[in-house]
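Okay, structure first, notes after.
Per chain, numbering begins at 1; letters A, B, ... match sequence-line order.
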Amino acid sequence: MDDNKYVTRRRGNGCSISSGRPADPSPPSWTSTTSTTSSTSPTSVPPSPPRSARTNSHVTNPKVIDMLLFKGMEELNNITEHAKQRHHIIGQYVVGNQGLVQDSGTKEKGMSDFLKKFYKSNYF
Amino acid sequence: MGLGLLASRALRPAASRLLRNHSPRDGLVRAIGSTPERQRPEAASAAQAQPDPTPDLPPRKPLAGARVHFPNPEDAIEVFVDGYPVKIPKGMTVLQACEVAGVDIPRFCYHNRLSIAGNCRMCLVEVEKSPKPVASCAMPALPGMKIKTDTPVAKKAREGVMEFLLMNHPLDCPICDQGGECDLQDQSMAFGSDRGRFTEVKRSVVDKNLGPLVKTVMTRCIQCTRCVRFATEIAGVQDLGMLGRGSGEEIGTYVERLMTSELSGNVIDICPVGALTSKPFAFKARNWELKGTETIDVTDAVGSNIRIDSRGPEVLRIIPRLNEDINEEWISDKTRFCYDGLKRQRLNDPMIRGADGRFQVVSWHDALAMVGEVIHKVAPEEIVGVAGKLSDAESMMALKDFLNRMGSSNVMCEGNGKHPNADLRSGYIMNTGITGLEKADVFLLVGTQPRVEAAMVNARIRKTVRATHAKVGYIGPLTDLNYDHEHLGTGPQTLTELAEGRHPFCSTLKNAKNPAIIVGAGLFEREDLEAILSAIETIAKNGNVVRPDWNGYNVLLLHAAQAAALDLGLVPQSPDSIKSAKFVYLMGADDVNVKDIPDDAFVVYQGHHGDRSVYRANVILPASAFSEKEGTYENTEGCVQQTLPAVPTVGDARDDWKIVRALSEVAGVQLPYDSVGGIRSRIQTVAPNLVSVDEREPATFSATTLRPNTNQKISPNNFGTAIENFYMTDAITRASKIMAQCSAMLLKK
């Protein structure tokens with residue numbers, strides 16, 4: 001995603017859409033409605049959704065972009081309508097893929113690849 | 001399978017002809033047969049009676065790839081099944097001949113491991129020159145017999161039988177646990193009529209209480225008597241029987257009592273309908289929702305082949321898999337019903353015991369760092385490792401390598417005793433093999449109660465005794481063996497008499513063609529083990545038990561880990577090392593006497609259940625159970641098999657060998673393998689037989705000729721019982737609620 005003030009995306013048919021408001025640095029409103037503040041600080045939340053969007057930054061196929069946009073809107077709707085449960089939101093946006101325990105990096109020095117994977121999961 | 005094919009093949013030639021002859025008035029008659037030709041089968045078969053043209057279908061193969069064994073080639077006879085000539089050995093039944101010809105005959109009462117009852121009549125076929133259809137399961141095939149399985153007569157007969165069976169069978173398939181795997185359901189779809197003439201009230205039968213394992217809905221019973229025959233013939237208990245006759249016929253226990261056999265769960269598998277189903281599995285799942293994982297059992301040293309049926313992260317049931325060499329198609333109740341123990345009392349997270357004596361959940365990083373730090377603070381000779389009875393070969397190899405790198409040689413495996421002898425493989429495995437026991441004609445059981453120690457081995461002995469009237473002599477405390485046996489004595493005294501040739505059983509042993517001695521692994525714990533083994537060797541020598549063509553010297557192990565542990569050389573340097581240990585690594589070892597461990601010792605418990613040893617542990621490292629990992633196990637006969645992961649691990653648990661490997665790195669003595677492949681190639685250098693999976697490697701040398709003489713004296717203490725409670729022997733079964741119920745209800749006090 002661009003670092004523009006307005007979150008925009010070019011659509012497949014050439015026109016661009018806008019979320020209609022500036023990207024706000026304060027935590028999104030759902031953090032308070034779902035009381036996720038108990039498990040995270042408000043400042044750590046905003047990077048999560050853009051991060052997940054950035055994973056698709058290489059996509060150029062307009063059809064796929066359309067589909068991603070649709071899915072994004074659906075996701076946003078689900079969150080705002082409370083269709084998504086609190087622990088789903090925490091798992092996806094607060095905790096993220098790296099889990100609750102995050103290595104700071106200093107401890108990993110000199111560790112073998114095996115041990116790094118071992119600390120993450122049983123399946124490797 | 002072949003059923004649909006069979007049906008369509010039958011329909012094709014005659015259908016058009018019969019449709020032409022059909023008068024409109026016939027259409028008004030209420031037809032019972034699903035096809036018009038079956039309304040007048042005799043006429044239809046007369047129409048078909050013209051000489052058959054040579055069949056143009058490809059030659060058929062025996063069902064399920066079965067191979068026919070001809071004990072005596074001269075006794076082969078030829079029969080014709082649907083026009084195909086088949087060569088079969090004399091004495092086979094018509095049904096077996098059809099199976100060799102690749103024709104699946106529907107059946108309910110017939111089971112190839114049980115005696116023939118011939119009472120369901122579902123297997124009726126037409127035999128040329130026979131006035132009536134014959135029950136193929138009970139009719140011996142005769143030379144030149146012309147068997148017809150897809151004629152209108154045979155089909156009409158099946159439809160008729162099916163109509164009678166369904167007459168009193170309730171229409172409760174939607175709430176029946178057998179639904180989806182029900183023989184009656186399948187066969188009524190394939191061979192039954194689309195309607196029945198029965199309009200009365202169906203009979204109902206009172207359900208019987210067979211105990212905590214088998215649920216009964218006796219109204220569904222079709223009186224095939226498979227369960228009765230299983231109980232009397234295989235399980236060896238006279239618990240079930242047929243009561244009443246005619247429409248009042250019922251299966252039941254004669255008086256109000258439970259089914260007490262250790263193999264009782266198998267009646268669930270052999271019941272063709274939903275009359276006998278699994279009580280713990282009742283209403284839990286439908287069979288098509290389940291994922292089957294073909295793996296092996298680790299609750300005893302037999303390594304029965306099983307299929308774990310799971311849904312998501314939950315094991316829902318365990319059923320047997322066919323393996324003629326090990327468990328045939330049966331499993332013990334402990335194997336079948338221990339699975340609920342996998343859900344209870346599990347260790348989820350690494351934990352450290354705090355100063356207040358309570359466990360605190362920590363990260364893997366912190367737990368391993370603590371263990372890695374402490375292990376360096378003790379002298380190498382004060383480090384002791386104990387592998388548990390459920391450990392796989394990979395983890396035992398890793399544990400041994402790790403502790404050796406730490407400078408300690410005190411690595412042992414539970415159940416192998418203080419003085420294990422791992423030098424000669426023939427000294428600790430079942431040299432005859434489990435199938436080999438069927439060739440024996442005399443058994444001498446020394447200090448072993450196979451019925452509780454290895455139920456499947458006991459079933460094999462019982463099979464042999466039943467088939468060949470083999471003689472069984474037993475030395476040990478009074479026990480309940482379900483075959484004829486002679487109780488020779490209770491302790492080593494009798495053994496000495498046998499060794500010195502003073503006992504009457506000596507002549508039985510001497511006159512035997514293939515004598516087999518089975519030594520219980522419970523004796524491994526005795527102080528006078530060497531003396532007892534040497535007495536047994538003398539008996540073996542005198543009775544000519546070990547010959548080039550027959551090795552009848554067997555050790556019946558108790559636990560899944562024992563054989564592999566001895567193969568890998570998990571032998572402690574000093575027998576009482578645990579009493580002076582300062583650092584004890586318990587890898588799933590729950591039967592270690594915790595009181596032997598000094599109070600100031602640091603105890604690491606790595607395992608999957610919060611069982612006995614956890615109470616003494618300082619650090620807990622959660623590991624995966626056998627249903628969650630890929631591990632190599634060697635059974636009591638030396639057959640190497642592997643478990644496969646059926647469900648994901650619980651919580652933050654890791655595979656055993658991975659924990660040891662990670663710990664070795666944290667402790668600064670990194671083990672040189674990072675994968676299962678790597679650890680297996682390390683195992684190959686230590687015990688090459690452990691990498692040839694699903695193969696049984698016989699021992700090369702015989703222990704009876706190479707063992708050094710001993711000066712030990714035999715102690716007069718009687719042999720004990722190795723297993724007090726059949727249902728609860730390890731961490732998994734002790735955590736199981738079903739096994740607890742069984743212990744409370746079924747064990748004879």
- Task: Give a yes or no on whether Lys71(A) atom NZ has more than 12 heavy-atom contacts from other residues, nucleotides or ligands under 6.0 Å away.
- Result: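 At most 12 heavy atoms, drawn from other residues, nucleotides or ligands, come within 6.0 Å of this atom.
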- How about Asp674(B) and Asp113(A): do any of their side-chain heavy atoms sit closer than 4.5 Å?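 No, their side chains stay 4.5 Å or more apart.
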- Considering only heavy atoms from C-beta outward, does the side chain of Lys117(A) approach that of Lys658(B) to under 4.5 Å?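 Heavy-atom side-chain distance check fails, nothing below 4.5 Å.
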- Message: Would you compute the distance between atom CZ of Phe114(A) and atom OG of Ser664(B) and round it to the nearest 0.5 angstrom?
- Response: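 Phe114(A) atom CZ to Ser664(B) atom OG measures 8.0 Å (nearest 0.5 Å).
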- Considering all heavy atoms of both residues, which atom of Thr649(B) and which atom of Tyr123(A) are nearest to each other, and what is their separation?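 In terms of heavy atoms, the two residues are closest at N-OH, 2.8 Å.
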Indicate yes or no for a side-chain donor-acceptor contact from [X] to the backbone of [Y] under 3.5 Å, with no hydrogens or angles considered.
X: Glu665(B); Y: Met111(A); answer: no
X: Arg654(B); Y: Tyr119(A); answer: yes
X: Asn122(A); Y: Asp652(B); answer: no

- Whether Phe118(A) and Trp364(B) hold their rings parallel, tilted or perpendicular, with breakpoints at 30° and 60°: perpendicular
- Message: Which atoms of Pro645(B) are under 4.5 Å from chain A, going by heavy atoms: the side chain, the backbone, both sets, or neither?
- Response: neither
- Can you tell which part of Leu368(B) gets under 4.5 Å to a heavy atom of chain A, answering side chain, backbone, both or neither?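 Only the side chain of Leu368(B) comes within 4.5 Å of chain A.
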